[in-house]
2 protein chains.
Amino acid sequence: MTDNSANNRNHANRQRVTSYDVARHAGVSQSAVSRCFKPGASVSKKMRARVMKAAEELGYQPNAIARSLISGRSNMAAVVISQKTTLYYPEILVELSQRMSEQGVRVLLFTLEHESDIDDLLDQVLQYQVDGMIVAARLSAQQIDAIERRGLPFVFYNRSFRDRQINAVCCDQTEGERWLVNRLVNAGHRRFGIISGPEDSAVSMERTQGALERLRELGVKQVAVAEGDYSYESGAAGLLTLRAEMGRIPDAVICANDVMAIGCIDAARHQLGISVPAELSVVGFDGVGPARWSSYDLTTVRQPVGRMTEAAVSMILERVENPDLQPEKRIFSGLMVEGGSARLD
Amino acid sequence: MTDNSANNRNHANRQRVTSYDVARHAGVSQSAVSRCFKPGASVSKKMRARVMKAAEELGYQPNAIARSLISGRSNMAAVVISQKTTLYYPEILVELSQRMSEQGVRVLLFTLEHESDIDDLLDQVLQYQVDGMIVAARLSAQQIDAIERRGLPFVFYNRSFRDRQINAVCCDQTEGERWLVNRLVNAGHRRFGIISGPEDSAVSMERTQGALERLRELGVKQVAVAEGDYSYESGAAGLLTLRAEMGRIPDAVICANDVMAIGCIDAARHQLGISVPAELSVVGFDGVGPARWSSYDLTTVRQPVGRMTEAAVSMILERVENPDLQPEKRIFSGLMVEGGSARLD
DNA sequence: CGTTAATTTGACTTCGAATGCGAGAAAGGG
DNA sequence: CCCTTTCTCGCATTCGAAGTCAAATTAACG
């Protein structure tokens, strides 16, 4: 008896209505129920009406897990993204999620604390049988090999590999940095500081290298680099490091992202009492929300997040449909935003 | 027959490696393979070694979908959150994701553009057979009924219903607002402006009402309210609206979130040339990252996101294990942050 | 060494929906 | 009115792992 009540309780908790229940209630077969929920299946109106009524009455929802198992499609895509990116650039995740769900695909979220603990994560991704994966993190060549071997379609977001045929959506970091450098040098800045992102960030490397290269090309000799970690605090700290290293405040500071640029501006203004842009120019990268706030009005390169996420989502979905499509890289130019945080003439 | 293995590998590109493949390759039964991947199962070390070797060689990963089907556990939890929340307060999602994955549960993300399109979304959530759901959005009584009827454990994040027994984790919005009002009134402020959030936001309503109530209690008569939408721009616009409505700048502005408070400060300083806090005090709510930036140094109530997400996750997981637990509400006090954006004495 | 107890193992069934195939029903043609 | 064609529908099987239970193996002990 106690068994019975326990059973009942269990049953009440797991009150899952299956297609068999609906079938019984409607007096038809399970197959019929299944067909009624499949668009474009061969079902008479009478049948459909009956089944739908029964489904309604029982509160039936098809079990996506069971469907996935037999159909081989989970209608889930993994998004692998670092915590820092999500914190400092939440637009990416928001847009990805929005666009995916418009296409009937849900986002299974994988955030990583450090770009290094990807290995276990990939196993997880594969276990969950996602249809595809959007990766906004750095993967090693072996890791990419492993994914390709499983035949899981994937698209990199803002990471590319020059020497590899992979799917990627990128903002042209180098082009953006070169533009920033050009404008700053043209405006007469000569002593440069650079605040980079963390060493293990591919995006930061590209940006920093892009800026350094262009500075070299233009014959700028006085350049110091401080390493940051994309945070506001590290931007502020970076400016102090640069000052210590150069023996004075540089003319301009190029930051690997907007948040550090903001930290740098605040440190200049409120810690060092230096006027931005009169005495110091600061530029960033990304074009995040706060960059537009009037306290900063940042000169930066805005990534076309809308276009980029749209591209990433359509690329991944195309490859879910047709896994044999050729790899493709789509590089978007950033939007040059001439804000008031840098003297540009 | 060595060719066979090559064939298998080729085949593995499109077809997955199943426990049967591993079993065959190791010369054991499928049950044995399954047991080897279940911690604490009765398996000899010899067997385990053999199976693991075979699994390794074939690159086998257990299929979480199939496992879910039989075990009734998907190890996924839905997080339902509005786009605005994600954009302006990304910490919540980051922390939730982190804590869940530490517990071996993945986040299936459901972002909503407007709090209104929840209905289809709930169907989706149910279809995906998530084990539980964390809801940072407003649900109607009927919607809650529907979920309860399915027996899906859920926890509200920052929404509570006084007249309903549900699981919820909240920051005490009212307490926080009352503290802010107390401090401001004590410091001699008499003319108040309030910039609320959107009408359909429960959190905003609580905050605004909390502030209004305390102001009334303290006999403050001059109070104007402008409606915002949580955005920076609406904070800036709100200040102008308040000025128009009151015929002058108020002594203090209470904003329903930090981002609007920041917009308000910037509008005061850069549009109206008003000094904050000398001529105008501004306070917010949330304690987001930018509130700490030295340009703003916001007086605000910081939500204990770490504690709150931890509570939400442990509550949901407890209820997945034991669905019959009593509903529970956990209300956390916010941390009062006395920043430089308000004159407090 | 025999007998019992403890541990391992494999055959079979289960979860819930989708689908190929054939039977039966409706529709169409002569 | 009969025969063919086209629809519909149901039966039975499938997806991949996990759990049940009984058989088989091993360990333990007198």
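A quick note: this is a predicted structure, and the numbers were derived from the prediction, not measured. First the proteins, then the strands, lettered A, B, ... as listed; each starts at 1.
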Send over the distance from [X] [atom1] to [N] [atom2], rounded to a whole Å.
X        : N       : atom1 : atom2 : answer
Arg48(A) : dC7(D)  : CZ    : P     : 16 Å
Arg35(A) : dA18(C) : CZ    : C1'   : 9 Å
Tyr20(B) : dC15(D) : OH    : C1'   : 10 Å
Leu69(A) : dT13(D) : CG    : P     : 18 Å
Leu58(A) : dG16(C) : CG    : P     : 14 Å
Lys46(B) : dA27(D) : NZ    : P     : 9 Å
Gln30(A) : dT14(D) : CD    : C1'   : 12 Å
Arg24(A) : dC9(D)  : CZ    : C1'   : 18 Å

request  = Would you check if His25(B) and Tyr60(B) make a side-chain contact, meaning some heavy-atom pair closer than 4.5 Å?
outcome  = no
Position toward the 5' end of DNA chain C (nearest nucleotide), Ser31(B) or Lys38(A) =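 Counting from the 5' end, the first nearest nucleotide belongs to Ser31(B).
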ask   = Considering only side-chain heavy atoms of Ile70(B), which listed nucleotide, dC9(D), dA18(D), dG10(C), is closest?
value =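 Ranking dC9(D), dA18(D), dG10(C) by closest atom to the Ile70(B) side chain puts dA18(D) first.
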remark   = From the candidates dG10(D), dT9(C), dA17(C), the one with an atom nearest any side-chain atom of Met47(A) is dG10(D)
OP1 or OP2 of [N] sitting under 4.0 Å from any side-chain N/O of [X]?
X        : N       : result
Ser42(A) : dC7(D)  : no
Ser34(A) : dA18(C) : yes
Ser71(B) : dG19(D) : no
Ser29(B) : dG10(C) : yes

ask   = In a check of side-chain contact (heavy atoms from CB on, under 4.5 Å) between Leu96(B) and each of Leu109(B), Ile134(B), Ile81(B), which one passes?
value =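 Single pass found, and it is Ile134(B).
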message = Using a heavy-atom cut-off of 4.0 Å across all strands, would you classify Val33(B) as base, sugar-phosphate, or nothing?
response =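 Answer is nothing: Val33(B) stays at 4.0 Å or more from every strand.
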remark   = By side chain to side chain contact (heavy atoms under 4.5 Å, CB included), Val94(A) pairs with (sequence neighbours left out) Gln83(B), Thr86(B), Leu87(B)
inquiry  = Arg50(A): which residues meet the side chain to side chain contact (heavy atoms under 4.5 Å, CB included) condition with it, sequence neighbours left out?
reply    =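 For Arg50(A) the side chain to side chain contact (heavy atoms under 4.5 Å, CB included) partners, ignoring immediate neighbours, are Val28(A).
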query = Does a side chain donor of either Arg16(A) or Asn63(A) reach within less than 3.5 Å of an acceptor in the other side chain?
reply =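 No, Asn63(A) and Arg16(A) have no side-chain donor paired with an acceptor closer than 3.5 Å.
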